[in-house]
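Everything numeric in this text was worked out from a predicted model, so none of it was measured.
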Amino acid sequence: MINLLEPQASAVLELRFIDDASLKDIGAELYMSPRTVSRWYDKGMDLITLPADYKPARN
């Protein structure tokens with residue numbers, strides 16, 4: 001599990017990047033609305049530093 005200061009952000013990022021779940025599926029898994037999942041996703045992304053050469057996969 002990704003270890004961030006916010007456990008909700010960790011859970012959202014883990015499901016998104018490790019399990020490749022959609023925000024809708026993450027919401028169902030964590031009993032959150034898609035909007036809440038989006039907020040935790042944004043907060044988690046703000047808390048981590050990615051390598052300068054990181055390029056996200058295209059879906």
Find out whether [X] and [Y] are in side-chain contact, i.e. whether some heavy atom of one side chain is under 4.5 Å from a heavy atom of the other.
X: Leu15; Y: Glu29; value: yes
X: Val37; Y: Leu30; value: no
X: Gln8; Y: Lys43; value: no

Out of curiosity, [X] [atom1] to [Y] [atom2], how far, rounded to the nearest 0.5 Å?
X: Asp25; Y: Arg16; atom1: CG; atom2: CZ; value: 10.0 Å
X: Met45; Y: Leu13; atom1: CE; atom2: CG; value: 6.5 Å
X: Ile26; Y: Tyr41; atom1: CD1; atom2: OH; value: 9.0 Å

- prompt: Who pairs with Asp42 by side chain to side chain donor-acceptor pair (under 3.5 Å), at least two apart in sequence or on another chain?
  reply: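 Side chain to side chain donor-acceptor pair (under 3.5 Å) check on Asp42 returns nothing, list empty.
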
message: Using the side-chain contact (heavy atoms from CB on, under 4.5 Å) criterion, which residues pair with Ser33? Sequence neighbours excluded.
response: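 Partners of Ser33 under the side-chain contact (heavy atoms from CB on, under 4.5 Å) test: Arg35, Thr36.
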
- line: Looking only at heavy atoms, the pair that brings Ala9 and Gly44 closest together is CB-CA, 3.7 Å

